Participant: 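My questions all concern the structure below.
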Amino acid sequence: MKPSVFQKILREKKLLLPPLSGYTDYPYRMILAQFHPPFLCTEMVNARALLQNNWRSKQIVQLVDGDQYNGVQLVGSIPEAMAKAAQIVAHMGCEYIDVNMGCTARKVTSRGEGVSLMKQEDRACEIVAAITAAVDLPVTCKLRLGASKHALNVVSLSQKLVDAGSAAITIHGRSGEKKFGMPVDLSIIRHTAAAVQVPVVANGGISNGADAVHILQDTDAAAVMPGRGLIGNPWIVPEVLSRLSDQRYSPPDLQQKKDVCLQHLDLLVSFYGERRAVLKMRSILPHYFSSCMFLKELKKDLQQVTTASHIPLLLERIQGTQTHDVYRGVHHR
Ligand SMILES: Cc1cc2nc3c(=O)[nH]c(=O)nc-3n(C[C@H](O)[C@H](O)[C@H](O)COP(=O)(O)O)c2cc1C
């Protein structure tokens, strides 16, 4: 895909889905694809590990068929390695490459990768230039406001990254102190959107369609990217797409949530095997039913579940009432 086509579709659809390590894996992207997002991105994958043919990395970049454009997020700090990794994933059918410049995990930043790249502006630009020279695909960058609140350089760095070839800039509107509870700074996103010609994507604190509308208005960004709001909630895709195009949106009912959650479980079992699938479901399932009463009890009972066949039984205990869904766990019998 040409960068200009990517930019056109991004400006039209105004939605980019996030890389979420541990969550936007192949099974969940299979679910998400059914909701027709314009773009779908893998979890971050380490460029070095990909070059070493690491099986887990190959698993991460397995792409999902569908009408969406598939992106891969690369994490790394060596331009040549990033360029070679980009060639590998391009060969696998990837249609755009995102460069991680926002991850704050110590194992990432201690190698000068992720948000550390925001402190190494020349290197960050060399990475973008090396990838754009190596593959004929749009390259995007995902940044924070800065590596720390004392070094908020996203506006100037974005300009340099665009000069180096970046086709779009995503900004997680927090600095690199890791605290997800910190408020999102929309004014810096707005300044960046005004300072660069390419689409800017606003990220941070978007959990529903109304958030998406407000953040677009407040930042003049071209598009939005939800984050944690996507976990256990693929319906955020049609919700945001319809709110941003003034269409009606009907939220899922309880049975639809149960059906998709069970489909997610099946996909996890096929992809990872039962043991790992059940462990993953322990953290994912409560997100599908986050507004349910007695969620704490549901989470507790879920910790006792060891086989996939127990999970439908647990879901049967979630019942709808006129006003809300209720988990009627063991304590209710
Ligand atoms: C569990 C989890 C995993 C994440 N994994 C990645 C990742 O692989 N790459 C990345 O650039 N950001 C990652 N992020 C950051 C999100 O993409 C997003 O920028 C952040 O959650 C802010 O949006 P929110 O406030 O709506 O959650 C991750 C965040 C969470 C909570």
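Not measured: the values here are computed from a predicted model. In each ligand, atom 1 is the first atom listed, and ligand 1 is the first ligand listed.
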Participant: I need the nearest protein heavy-atom contact for atom 23 (O) of ligand 1: residue, atom name and distance, please.
Facilitator: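 Closest protein heavy atom to atom 23 (O) of ligand 1: Asn203 ND2, 3.4 Å.
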Participant: Below 4.0 angstrom, N of the basic side chain to O of the carboxylate: do Arg317 and Glu297 qualify?
Facilitator: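 Salt bridge: no.
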Participant: Under 4.0 Å from any heavy atom of Lys142, which atoms of ligand 1 are there?
Facilitator: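 Reading through ligand 1 atom by atom, the close ones are 10 (C), 11 (O), 12 (N), 15 (C), 16 (C), 17 (O), 18 (C), 19 (O).
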Participant: Give me the nearest non-hydrogen protein atom to atom 4 (C) of ligand 1 as residue plus atom name, then the distance to 0.1 Å.
Facilitator: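 Protein heavy atom at minimum distance: Ser21 N, 3.3 Å.
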Participant: Judged by non-hydrogen atoms, does Arg174 sit under 4.0 Å from ligand 1?
Facilitator: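 Per 4.0 Å heavy-atom rule, Arg174 contacts ligand 1.
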Participant: Is the centre of the Phe289 ring less than 6.0 Å from the centre of the Tyr327 ring?
Facilitator: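 Not close enough - the centres of the two rings lie 6.0 Å or further apart.
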Participant: Output the list of atoms in ligand 1 that are nearer than 4.0 Å to some heavy atom of Tyr23, sorted by atom number.
Facilitator: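 Selected atoms, number and element: 1 (C).
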Participant: Has the side chain of Glu274 got a donor or acceptor atom that lies under 3.5 Å from a matching backbone atom of Val269?
Facilitator: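 Judged by distance alone, no pair lies under 3.5 Å.
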Participant: Could an N or O of ligand 1 be found under 3.5 Å from any N or O of Gln73, whether backbone or side chain?
Facilitator: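 So ligand 1 has an N or O lying under 3.5 Å from an N or O of Gln73.
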Participant: Are any side-chain N or O atoms of Gln68 and backbone N or O atoms of Pro37, one a donor and one an acceptor, separated by less than 3.5 Å?
Facilitator: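 No.
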Participant: Name the closest protein heavy atom to atom 22 (C) of ligand 1, giving the residue it belongs to and the distance to 0.1 Å.
Facilitator: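 Heavy-atom neighbour on the protein nearest atom 22 (C) of ligand 1: His172 NE2, 3.4 Å.
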Participant: Which of the atoms of ligand 1 are close to Gly205, meaning less than 4.0 Å from one of its heavy atoms?
Facilitator: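 Per the distance check, 24 (P), 25 (O), 26 (O).
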Participant: Could you list which atoms of ligand 1 come closer than 4.0 Å to a heavy atom of Arg228?
Facilitator: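 Close to Arg228: 24 (P), 25 (O), 26 (O), 27 (O), 31 (C).
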Participant: Here's a test for you: under side chain to side chain contact (heavy atoms under 4.5 Å, CB included), which of Asn46, Ile78, Val75 qualifies with Arg111?
Facilitator: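 The side chain to side chain contact (heavy atoms under 4.5 Å, CB included) with Arg111 is passed solely by Asn46 among Asn46, Ile78, Val75.
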Participant: Can you find an N or O of Gly227 that's nearer than 3.5 Å to an N or O of ligand 1?
Facilitator: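 Yes - when backbone and side-chain N and O of Gly227 are compared with those of ligand 1, one distance drops under 3.5 Å.
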Participant: Please confirm whether Gly229 comes within less than 3.5 Å of ligand 1 when only nitrogen or oxygen atoms on both sides are compared.
Facilitator: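 Looking only at distances, the answer is no, because the N/O contact criterion of under 3.5 Å is not met.
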Participant: Relative to the heavy atoms of Ile206, which atoms of ligand 1 are at a distance of less than 4.0 Å?
Facilitator: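 Once the distances to Ile206 are compared, the set is 26 (O).
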Participant: Look only at the side chain of Arg174 and the backbone of Gly204, and say whether a donor-acceptor pair between them is shorter than 3.5 Å.
Facilitator: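 Not a single qualifying donor-acceptor pair exists.
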Participant: What protein heavy atom sits nearest atom 28 (C) of ligand 1, and how far away is it?
Facilitator: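 The closest heavy atom on the protein side is Leu20 CD2, 3.7 Å.
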Participant: Taking Glu239 first and then Arg243, would you say they form a salt bridge - that is, a charged N and a carboxylate O separated by under 4.0 Å?
Facilitator: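 No.
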Participant: Quick one: does Arg228's side chain have a donor or acceptor within less than 3.5 Å of a partner on Leu20's backbone?
Facilitator: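 It does not hold such a pair.
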Participant: Does any N/O atom on Met44 come nearer than 3.5 Å to any N/O atom on ligand 1?
Facilitator: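 Between Met44 and ligand 1 (N or O atoms, distance only) the closest approach is under 3.5 Å.
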Participant: Test your reading of the model: is there a side-chain donor-acceptor pair from Glu43 to the backbone of Gly22, 3.5 Å cut-off?
Facilitator: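 Side chain of Glu43 to backbone of Gly22: a pair is present.
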Participant: Look at the aromatic rings of His264 and Tyr28 and report parallel, tilted or perpendicular, splitting at 30° and 60°.
Facilitator: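 Ring orientation, 0 to 90° scale: parallel.
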Participant: Which of the numbered atoms in ligand 1 are under 4.0 angstrom from any heavy atom belonging to Phe180?
Facilitator: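 Listed by number with element, the hits are 20 (C), 21 (O), 29 (C), 31 (C).
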Participant: Are any of the N or O atoms of Pro19 closer than 3.5 Å to those of ligand 1?
Facilitator: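 Among all N and O atoms of Pro19, at least one is under 3.5 Å from an N or O of ligand 1.
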